[in-house]
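Keep in mind that what you see is a predicted model, and the values were worked out from it rather than measured.
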2 protein chains.
Amino acid sequence: MPRSRHSDALRAAQMYYLQDLTMDAIARELRTSRSTVSRLLSSARDTGLVQIQIRSPLDTAPELEGMIRSQYGVDVHVVPVLDTLNEAETLDRVAMQAARTIGPLVDSNAIIGVAWGATLSAVSRHLTRKITHDSIVVQLNGAGNMQTTGITYASDIMRRFGSAYGARVEQFPVPAFFDHAATKTAMWNERSVQRILALQARMSIAIFGVGSVDSDYPSHVYAGGYLDERELSLLAADDVVGDVATVFFRSDGSSDGITLNERSTGPSHDQLRQVRRRICVVSGASKINGLQGALAAGLATELILDEASARRLVSFGAQS
Amino acid sequence: MPRSRHSDALRAAQMYYLQDLTMDAIARELRTSRSTVSRLLSSARDTGLVQIQIRSPLDTAPELEGMIRSQYGVDVHVVPVLDTLNEAETLDRVAMQAARTIGPLVDSNAIIGVAWGATLSAVSRHLTRKITHDSIVVQLNGAGNMQTTGITYASDIMRRFGSAYGARVEQFPVPAFFDHAATKTAMWNERSVQRILALQARMSIAIFGVGSVDSDYPSHVYAGGYLDERELSLLAADDVVGDVATVFFRSDGSSDGITLNERSTGPSHDQLRQVRRRICVVSGASKINGLQGALAAGLATELILDEASARRLVSFGAQS
DNA sequence: AAGCCAATTGCACAAACGTGCAGAACGGAA
DNA sequence: TTCCGTTCTGCACGTTTGTGCAATTGGCTT
């Protein structure tokens with residue numbers, strides 16, 4: 001009987017994680033070597049056969065989480081990270097924990113909206129596989145700009161999500177911002193675009209980072225080729241503090257009258273707030289302003305962020 | 001800042017399981033020794049902070065499980081165990097895996113009905129903790145017999161369930177069988193008994209083994225002091241093949257006209273079938289007859305059993 | 001303040017584990 | 001059949017992890 005690799009992995013995982021046998025003992029039962037068992041187990045882990053999750057009982061959660069939860073009304077996951085780590089290391093660890101936290105939330109028949117950006121890119125690299133049926137990954141906003149069509153960058157992110165969850169991927173091949181609002185109106189009437197918009201309207205999960213205009217390190221969108229001088233000054237005049245999926249907002253969460261949003265391809269905040277699970281991933285000290293605005297706008301139902309940011313967020317909220 | 005042991009365990013678990021750091025690295029971040037981290041992690045595991053579960057996608061499940069599932073319409077978890085192991089070792093491993101499989105099914109506000117017997121005793125020894133709120137563990141059937149009141153034996157089982165899930169424990173201080181049906185009727189009108197019966201009626205989960213009259217190794221109930229000669233021959237005359245919570249059934253699942261059931265303290269099969277999740281744990285070759293009858297009666301929604309029994313069950317079903 | 005018990009810590013050693021590497025097994029294509 | 005490229009396996013080594021033990025800490029009583 002040629003027991004398949006997959007079913008061996010299942011047996012091994014049951015014996016290892018549910019019966020506490022050592023790999024040695026399992027190897028003997030499976031008539032193979034211990035190293036093979038080690039490999040079977042790691043394949044079981046990263047094909048999603050073994051699900052490890054950490055559930056901190058809400059009432060005993062560390063105070064930091066409790067304070068954010070009560071201040072902003074979101075489910076928080078604070079990622080423990082030393083303050084001394086640099087941005088890149090912090091991002092990596094936040095991304096890994098975010099990826100593993102998201103995993104259990106993805107179900108069959110899900111429609112998963114995914115934005116793009118440095119944060120999402122990092123998250124996408126750490127996703128663990130989980131087999132689902134008839135799931136769809138849909139891009140939230142266009143990625144093209146003046147220099148590139150943005151296809152490869154954003155589509156790599158999408159593809160990784162798709163293959164982790166065995167989902168169909170639906171790209172959104174438009175620029176991040178149209179030059180003319182009229183062009184957007186025209187395109188939004190195209191059936192190819194409407195198909196994507198219809199999917200977005202049915203999303204069950206949305207995953208995004210935030211852009212922030214913190215003076216020290218402005219995010220991707222504010223620096224790299226998406227907006228010109230005049231547009232940036234428009235944003236400043238409108239008191240914009242950040243964006244989610246290239247849709248901008250002010251510090252109080254409002255976004256009415258921000259003209260650039262009329263040319264943006266991301267979902268309106270009203271539309272985004274319709275989505276049941278809205279997961280926001282944030283890493284790095286320079287995102288406080290944007291994050292605070294996004295929370296004020298009620299864009300997220302779950303927030304995953306590093307410890308340092310969490311602390312700044314709490315003191316930020318306390319003083320206001 | 002005196003970070004509590006619990007919150008350290010949470011941090012450590014996040015770093016270890018969600019960020020793939022080594023214990024060494026975690027120890028440095030927490031400013032403690034690696035061995036402490038090792039201990040923090042094991043405490044995180046067995047206080048239920050870390051939940052490990054194995055989800056075999058139903059469509060790729062090993063054929064054995066698929067066959068039982070389709071033949072009997074229950075959710076099956078086959079425990080991989082070498083056929084050469086003895087009864088005690090098999091029981092231990094089935095019990096451990098059963099305990100860890102049950103864990104994730106227990107929620108807050110659950111009312112958990114628990115039977116007693118060798119199998120349940122073993123399971124109760126391997127439960128992993130999981131904090132729930134306002135859960136109740138209620139005993140399914142009395143445990144007294146002619147020699148003992150059965151209190152300690154059954155109550156140990158109940159107590160372990162209760163402390164694993166932080167649940168209130170409700171014992172059922174009656175004998176397994178009354179000598180006279182009239183006494184049962186009388187007792188069933190007592191308010192103290194009715195309180196238990198009311199809880200049983202609201203159960204959301206029931207957990208039980210099966211008794212079997214397989215000639216080689218009759219179960220506890222059929223051997224040890226619960227029934228006298230005359231009663232045993234009554235059972236034989238009624239073609240009884242086994243019991244669940246001291247309520248008997250025939251091979252086809254029927255139980256009408258089995259007079260001993262009128263004196264038994266367990267829930268009637270009709271009542272049991274009202275419970276949403278009914279988990280049956282079976283270990284050992286000598287339980288096939290009882291198990292087959294229990295399945296025919298539709299008493300279980302989930303079945304956890306060892307591999308050898310699973311195979312016998314399939315061939316048993318095929319020939320009939 | 002002194003004394004005691006229980007809980008917690010770090011050390012050191014043994015056990016368990018992950019992985020690069022070289023050889024074996026497999027699966028087409030010629 | 002032979003060849004070649006790919007995948008899988010076991011070995012050996014270094015790393016990571018569990019745990020008995022003695023020392024220490026911290027709380028509580030006298």
Could I get the full list of side-chain hydrogen bond (donor to acceptor under 3.5 Å, both in side chains) partners for B:S33, not counting sequence neighbours?
-> B:S35, B:T36

Got a sec, which residues hit side-chain hydrogen bond (donor to acceptor under 3.5 Å, both in side chains) with B:R129, two or more places apart in sequence or on another chain?
-> none

Whole Å only: how far is the CG atom of B:L40 from the P atom of C:dG10?
-> 10 Å

Give a yes or no answer on whether the side chain of A:R312 reaches the backbone of A:A285 with a donor-acceptor pair at less than 3.5 Å.
-> yes

Identify, with sequence neighbours excluded, every residue that meets side-chain contact (heavy atoms from CB on, under 4.5 Å) alongside A:D24.
-> A:T22, A:R28, A:R34

Contacts of B:M96 that satisfy side-chain contact (heavy atoms from CB on, under 4.5 Å) - sequence neighbours left out = A:D20, B:R100, B:H126

Return no unless some side-chain N or O of B:T32 is found under 4.0 Å from OP1 or OP2 of C:dG10.
-> yes

Which residues satisfy the side-chain hydrogen bond (donor to acceptor under 3.5 Å, both in side chains) test with B:T132, sequence neighbours excluded?
-> B:S135

Take the protein atom CG of A:L30 and the nucleotide atom P of D:dT9, then report the distance between them rounded to whole Å.
-> 11 Å

Partners meeting side-chain contact (heavy atoms from CB on, under 4.5 Å) with A:R159 (sequence neighbours left out) = A:D156

Does B:S33 place a side-chain N or O at less than 4.0 Å from the phosphate oxygens OP1/OP2 of C:dT9?
-> no

Rounded to whole angstroms, how far apart are CZ on A:R31 and P on D:dT9?
-> 16 Å

Please determine if a side-chain N or O atom of B:T36 lies less than 4.0 Å away from the OP1 or OP2 oxygen of C:dG10.
-> yes

Can you name the residues that form a side-chain hydrogen bond (donor to acceptor under 3.5 Å, both in side chains) with A:Q139, not counting sequence neighbours?
-> none

Between the two ends of the helix from C:dA1-D:dT30 to C:dA30-D:dT1, what is the bend in degrees, rounded to 10 degrees, where each end axis spans five pairs?
-> 30°

Any chance you could list the contact pattern along nucleotides 16-27 of chain C? Use B for base contacts, S for sugar-phosphate-only contacts and - for none, protein heavy atoms under 4.0 Å, 5' to 3'.
-> SBBBB-------

